[in-house]
J.: 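Mind having a look at this structure? Questions to follow.
Remember, it's a predicted structure, so these values are computed and weren't measured experimentally. Computed over heavy atoms, backbone and side chain alike; hydrogens, waters and symmetry mates excluded.
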Amino acid sequence: AQKVSIILLEVQAEMARIEDEKELKAYIKEKEKSLFGKYEKDIRKMSRSQGKILVKLVFRETGSSMFELIKTNKSGASAVFWQSIGLIFGINLKTTYDPETEEMIE
């Protein structure tokens, strides 16, 4: 989750720098491919409960749900697609984090 926060800040800074729409789409596509290659194995090995915790930790670190992060940085259609995949596996990407109710995570 902390890596997600760091990567997100880097990506947002780079996206703000890029003015050309075509170049921006190419950057996003390349970054997505790179991140999938780097983290896909680890994510696929996670249990459902670990995935749920990761979604909450990402919210804690970034202040945004996974759904909102995907929607903002990729597209609404991608966010809906990944939300659907998540729900198939019992993980809601719109989940938020509340330190009051998440004592074990805290």
Side-chain angles (χ1 to χ4, degrees):
Q2 290 173 339
K3 286 182 183 181
V4 169
S5 180
I6 292 167
I7 292 168
L8 180 63
L9 291 173
E10 292 170 359
V11 167
Q12 287 176 337
E14 188 65 21
M15 288 173 66
R17 185 192 66 75
I18 299 172
E19 294 179 12
D20 181 49
E21 185 72 24
K22 189 174 181 180
E23 186 180 341
L24 180 63
K25 286 185 179 185
Y27 170 75
I28 291 170
K29 188 174 184 177
E30 180 59 36
K31 193 66 174 178
E32 182 180 22
K33 185 178 177 182
S34 168
L35 291 171
F36 264 101
K38 190 172 184 178
Y39 297 107
E40 185 177 15
K41 287 182 183 178
D42 294 332
I43 291 173
R44 285 187 183 269
K45 290 180 185 176
M46 286 184 175
S47 67
R48 289 180 185 175
S49 59
Q50 288 172 323
K52 289 177 183 179
I53 291 170
L54 177 62
V55 169
K56 290 178 183 184
L57 290 175
V58 168
F59 183 89
R60 183 176 79 173
E61 291 296 320
T62 65
S64 298
S65 69
M66 291 287 290
F67 182 86
E68 285 299 319
L69 292 173
I70 296 168
K71 184 177 176 183
T72 302
N73 293 296
K74 186 81 170 141
S75 70
S78 289
V80 170
F81 170 78
W82 287 110
Q83 172 69 353
S84 300
I85 298 297
L87 290 174
I88 289 170
F89 291 98
I91 300 170
N92 184 353
L93 299 183
K94 294 180 182 180
T95 300
T96 59
Y97 177 79
D98 180 17
E100 302 278 328
T101 61
E102 306 293 340
E103 297 164 351
M104 291 189 64
I105 294 174
E106 248 343 270

J.: Kindly compute the distance separating NZ (Lys94) from NZ (Lys71), expressed to the nearest 0.5 Å.
T.: 8.0 Å
J.: Applying the side-chain contact (heavy atoms from CB on, under 4.5 Å) criterion to Phe89, which one of Arg48, Met46, Lys52 satisfies it?
T.: Arg48
J.: Quick one, Ile7 and Tyr39 - any side-chain contact, counting heavy atoms below 4.5 Å?
T.: yes
J.: Quick one: do Phe67 and Val58 end up in the same hydrophobic cluster if we chain Ile, Leu, Val, Met, Phe, Trp and Tyr together by side-chain heavy atoms under 4.5 Å apart?
T.: yes
J.: Hey, does the Lys NZ or Arg CZ of Arg60 hover above the aromatic six-ring of Tyr97, less than 6.0 Å from the centre and inside 45° of the axis?
T.: yes
J.: Does the side chain of Thr62 pick up a donor-acceptor pair with the side chain of Ser64 at under 3.5 Å?
T.: no
J.: Any heavy-atom pair between the side chains of Asn92 and Leu87 that's under 4.5 Å?
T.: yes
J.: What are the two closest heavy atoms between Ile18 and Leu24, and how far apart are they?
T.: CG2-N, 3.6 Å
J.: With salt bridge (Lys or Arg N to Asp or Glu O under 4.0 Å) as the test, would you mind laying out the steps for Glu14 and Arg17 before giving the verdict?
T.: CA-CA 5 Å; Glu14 188 65 21; Arg17 185 192 66 75; 2.5 Å; yes
J.: Find out if a path of hydrophobic residues (ILVMFWY) with successive side-chain heavy-atom gaps under 4.5 Å connects Val4 to Trp82.
T.: yes
J.: Heavy-atom count around Gln2 CD within 6.0 Å, excluding the residue itself: above 12?
T.: no
J.: Determine whether Thr96 and Lys56 make a side-chain contact, defined as any pair of heavy atoms from C-beta on separated by less than 4.5 Å.
T.: no
